Undergrad: 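Before I ask anything, let me first share the structure, which is written out below as structure tokens.
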2 protein chains.
Amino acid sequence: MSKRVSLKDIANKVGVSTALVSYVLNGLEKEKRVGPEVVKRIREVAGDLNYKPNQIARSLRKGSTNTIGLIVADIANPFFGQLARIVEDEAGKHNYTVIIGSSDENCVKSASLIETFLDRQVDGFIIVPSEGCNQEIESLVNKEIPVVLVDRFLPELSTSYIVLDNFGATYEAVTHLVAKGYKNIALIAYKSSLVHMQERIRGYSEAMKDNHLEQAIQIKELSYNRVKEEIEEGVSKLFDGNNKPDAMIFSTNALSISGLYALKNHKIRVPDDMAIIGFDGNEAFDFFYSPLTFIEQPIEEMGKESVRVLLDQIKGSKENVQIELNHRLILRESTGG
Amino acid sequence: MSKRVSLKDIANKVGVSTALVSYVLNGLEKEKRVGPEVVKRIREVAGDLNYKPNQIARSLRKGSTNTIGLIVADIANPFFGQLARIVEDEAGKHNYTVIIGSSDENCVKSASLIETFLDRQVDGFIIVPSEGCNQEIESLVNKEIPVVLVDRFLPELSTSYIVLDNFGATYEAVTHLVAKGYKNIALIAYKSSLVHMQERIRGYSEAMKDNHLEQAIQIKELSYNRVKEEIEEGVSKLFDGNNKPDAMIFSTNALSISGLYALKNHKIRVPDDMAIIGFDGNEAFDFFYSPLTFIEQPIEEMGKESVRVLLDQIKGSKENVQIELNHRLILRESTGG
DNA sequence: AATATATGCTTAATCGTTTAACCATTTTGG
DNA sequence: CCAAAATGGTTAAACGATTAAGCATATATT
């Protein structure tokens, strides 16, 4: 492994101190009054030797690594994959590198990722927080390490965050279904105290009330780890119950997909037996025999904003920026178009 | 930002040199003959102060970062997302962190990612190489930096790699279709000189020949950047041509999805008008009205093996390990079950 | 008793950059 | 002509950990 070229190599070749070389290569030649001849020589030699600064050394000295840690629930999940991609590109534009970790909605894993990233001296975090993991995030806030929460937030903590207008999203979903004549509308949600989920539930409930359908409210809350089992049960029960729903709203992408499998297994006809609204885009929504109406999230904006806000904070901004982005309801056949 | 605890802080508190502290915390107390009392004190104080080594400093000194760079075509693509997830988990088990970049099948981006990662002194690379980017990879090989190629490889370069039995995959796909009575089988591929694609094409062609169907060979090669436009055209042409196919094999996941959209638009009935075989699993395959028979890749094994081989190389192994993993053909309705 | 060996710890260099502080000339202004 | 200012550079410490080499002192060996 032929050793990399260092500042010293250039300094030796040109016959000056490493300080001068550093100044020149950092564009401080004016400020530091380096002679024009020397500047030229240094540039030349640096080019010839194909010098590339060692970021590790630089990081150690400067105390910042130009790295941001991104923690999502699962990078294999396309929603987070897309988000990660945006974050990667956006961070790259500002010369930051991203290290990514998957928490599996698990506090122990989250904590371990945060620790690993801290050991590597990341300059800041973008985190999709999991339920009950307030402590982990709080410790970052206490250490005054820049953090931006994304997709969800923790109301007990004062941090920056970028989230969807979750309340509005399910509210509009219900409104749309009501307008299409559906009345027995059920909501499939996760059993979670996280605000984004509670807001989706609240948006649904409020909309039902505002449409005088409070007696028809039916919410199935499933456990994150047992979705597959519980959704089968849930769908069956919904159909055996005395007020069988004529429409269902799924409150996440994964739930939508699991729900579609269940509907398919039970041979339920959409939208005749039941109208369906999904969450997030997904190719599967398009190929379901009755393409799904769904709540679209502005993933790109979400990713870009979170990077922007984080970098602001890394640059010293102390204010917490809390942004709610708007959803879009995409109308298709599964709700009668 | 309350400063992190350093070795020096512990040393001061205990009243010894940083060297001793370092020895103890690295478990060298026997070898370096540190007194049992002192060992105890150091451990205590380190625990009390909640000391965590600064990996940046350690990396600078040791010349290795315990970081691996993963370059995929696009992390937002679920195939690569899943792969990344496996790599992340597997690397984590061995105390390595992963930084991920998306090349978009573009050599300039690939080169820039490689450079960025090198500047950050990654210990090795796992790369999904793009077409024509031999130089970029070769420079790594020349510098003797550990590299493992995955999903594809470059035959001109002697590197380790983990790939699918691409030839066998499409060969079996054809064989299956022939067994089901299909004869006019077309292949939808990328216009690419990369071996994995050429092997898929070769597997198809050989199987066609071996079944005495060489006159029915029809290969549509699409450009990576213009798939959407060309696939519409391609599907139309295939149907207007004089030997209209009765079956199609898609040679990547993305092509399969695009193909499904086209088939849907053209209202082609599967498998009556046309049988279909997709590549890679995908939820969309399940919800297509005629669930797709597809070639399944062992993503997990691919990810695990690439990490294993890379770490071996980082540890000093000089031999190139070249592994071909087996596909599985999952039979479903789109080919008549 | 004199030397050899163990024991327990410190010193200081090193990794590659950055950057404050300083030094030596030369030029300028009044 | 002399002090002040400008010019062009060097030195060395610092970031935090690792690690080879060295230095006392105590114990063992013959």
Side-chain angles (χ1 to χ4, degrees), chain A residues 1-43 46 49-67 95 118-123, chain B residues 1-43 46 49-67 95 118-123:
Chain A
M1 189 153 4
S2 56
K3 243 186 74 251
R4 276 174 73 102
V5 182
S6 75
L7 274 190
K8 210 189 237 171
D9 298 325
I10 302 179
N12 286 342
K13 195 147 184 186
V14 178
V16 294
S17 67
T18 62
L20 266 201
V21 180
S22 173
Y23 292 144
V24 170
L25 298 182
N26 285 299
L28 301 178
E29 65 266 25
K30 295 273 173 261
E31 201 174 325
K32 297 292 175 176
R33 304 165 323 202
V34 183
E37 275 305 306
V38 176
V39 170
K40 201 171 145 243
R41 278 290 291 146
I42 290 178
R43 289 248 164 75
L49 298 183
N50 190 26
Y51 170 76
K52 297 279 156 44
N54 179 328
Q55 297 296 340
I56 297 291
R58 172 179 266 171
S59 295
L60 177 59
R61 170 61 219 232
K62 307 204 33 153
S64 71
T65 52
N66 269 236
T67 302
N95 224 354
L118 277 180
D119 293 348
R120 290 176 188 267
Q121 316 288 118
V122 298
D123 294 340
Chain B
M1 188 148 11
S2 54
K3 245 186 73 250
R4 275 174 75 102
V5 182
S6 75
L7 272 191
K8 208 191 241 171
D9 298 325
I10 301 180
N12 286 341
K13 193 146 182 185
V14 179
V16 294
S17 68
T18 62
L20 268 202
V21 181
S22 174
Y23 291 145
V24 171
L25 298 182
N26 285 300
L28 301 178
E29 66 265 24
K30 294 272 171 264
E31 200 174 325
K32 296 294 176 173
R33 305 167 321 203
V34 183
E37 276 304 306
V38 175
V39 170
K40 202 172 143 243
R41 278 291 290 146
I42 290 179
R43 288 249 163 76
L49 299 184
N50 191 27
Y51 170 75
K52 298 280 156 42
N54 180 327
Q55 298 296 339
I56 297 292
R58 172 178 267 169
S59 295
L60 177 59
R61 172 61 218 237
K62 306 202 37 151
S64 70
T65 52
N66 270 234
T67 302
N95 224 354
L118 278 180
D119 293 348
R120 291 180 186 266
Q121 316 287 119
V122 297
D123 295 339

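Being a predicted model, the structure only gives us computed values, none of them experimental. First the proteins, then the strands, lettered A, B, ... as listed; each starts at 1.
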Undergrad: Could you walk me through whether B:Gln121 and B:Asp119 pass side chain to side chain contact (heavy atoms under 4.5 Å, CB included), step by step?
TA: CA-CA 5 Å; B:Gln121 316 287 119; B:Asp119 293 348; 5.6 Å; no
Undergrad: Return the nearest nucleotide to the side chain of A:Val16; candidates are D:dA17, D:dT10, C:dT18.
TA: D:dT10
Undergrad: To the nearest 0.5 angstrom, please state how far the CZ atom of A:Arg120 sits from the CG atom of B:Asn54.
TA: 11.0 Å
Undergrad: Looking at side-chain heavy atoms only, is the closest gap between B:Val24 and B:Leu28 below 4.5 Å?
TA: no
Undergrad: From the list D:dA17, C:dG16, C:dT18, which nucleotide is the closest neighbour of the side chain of B:Tyr51?
TA: D:dA17
Undergrad: When the axes are fitted on five pairs at both termini, how much does the helix from C:dA1-D:dT30 to C:dG30-D:dC1 curve, in 10° steps?
TA: 50°
Undergrad: Does A:Val38 or A:Lys62 map to a spot on DNA chain D nearer the 5' end, using the closest nucleotide for each?
TA: A:Val38
Undergrad: Starting from P on C:dT17, measure out to NZ on A:Lys52 and report it in whole angstrom.
TA: 12 Å
Undergrad: Distance check needed: C:dG16 P versus B:Gln121 CD, whole Å only.
TA: 9 Å
Undergrad: Give the intermediate values and the outcome of side chain to side chain contact (heavy atoms under 4.5 Å, CB included) for residues B:Leu25 and B:Ile10.
TA: CA-CA 11 Å; B:Leu25 298 182; B:Ile10 301 180; 4.2 Å; yes
Undergrad: Please pick, from D:dT10, D:dA17, D:dT19, the nucleotide with the shortest atom-to-atom distance to any side-chain atom of B:Leu7.
TA: D:dA17
Undergrad: Is it the case that C:dT17 (base atoms only) and A:Arg58 (side chain only) share a donor and an acceptor within less than 3.5 Å, ignoring hydrogens and angles?
TA: no
Undergrad: Measure CD1/B:Ile56 against P/D:dC15 and give the value in whole Å, please.
TA: 16 Å
Undergrad: Name the nucleic acid region contacted by B:Gly35, choosing base, sugar-phosphate or nothing; use a 4.0 angstrom heavy-atom cut-off, strictly under.
TA: sugar-phosphate
Undergrad: Phosphate oxygens OP1/OP2 of C:dG16: is one of them under 4.0 Å from a side-chain N or O of A:Ser6?
TA: no
Undergrad: Near DNA chain C, which residues from residues 20-34 of chain A have a heavy atom under 4.0 Å away?
TA: A:Ser22, A:Tyr23, A:Asn26
Undergrad: With a cut-off of 6.0 Å (strictly less than), are more than 12 heavy atoms of other residues, nucleotides or ligands near NZ of B:Lys52?
TA: yes
Undergrad: To the side chain of A:Arg61, which of C:dT17, D:dA17, D:dT11 is closest?
TA: C:dT17
Undergrad: Go through D:dG16, D:dT10, C:dG16 for me and flag the one nearest to the B:Ala57 side chain.
TA: D:dG16
Undergrad: Give the rounded distance in Å between these two atoms: NZ of B:Lys8 and C1' of C:dT10.
TA: 15 Å
Undergrad: Give the rounded distance in Å between these two atoms: CG of A:Leu60 and C1' of C:dT18.
TA: 10 Å
Undergrad: Are the charged groups of B:Arg43 and B:Glu29 less than 4.0 angstrom apart, N to O?
TA: yes
Undergrad: Please determine which of A:Glu31, A:Arg58, A:Lys32 meets the side-chain hydrogen bond (donor to acceptor under 3.5 Å, both in side chains) test together with A:Asn26.
TA: A:Arg58
Undergrad: Whole Å only: how far is the CD atom of A:Gln55 from the P atom of C:dT18?
TA: 8 Å
Undergrad: Rounding to a whole Å, what distance do you find between A:Asn54:CG and C:dT18:C1'?
TA: 13 Å
Undergrad: Can you measure A:Asp9 atom CG to C:dT17 atom C1' for me and round it to whole angstrom units?
TA: 13 Å
Undergrad: List the steps, then state whether side chain to side chain contact (heavy atoms under 4.5 Å, CB included) holds for B:Leu118 with A:Arg4.
TA: CA-CA 10 Å; B:Leu118 278 180; A:Arg4 276 174 73 102; 3.8 Å; yes
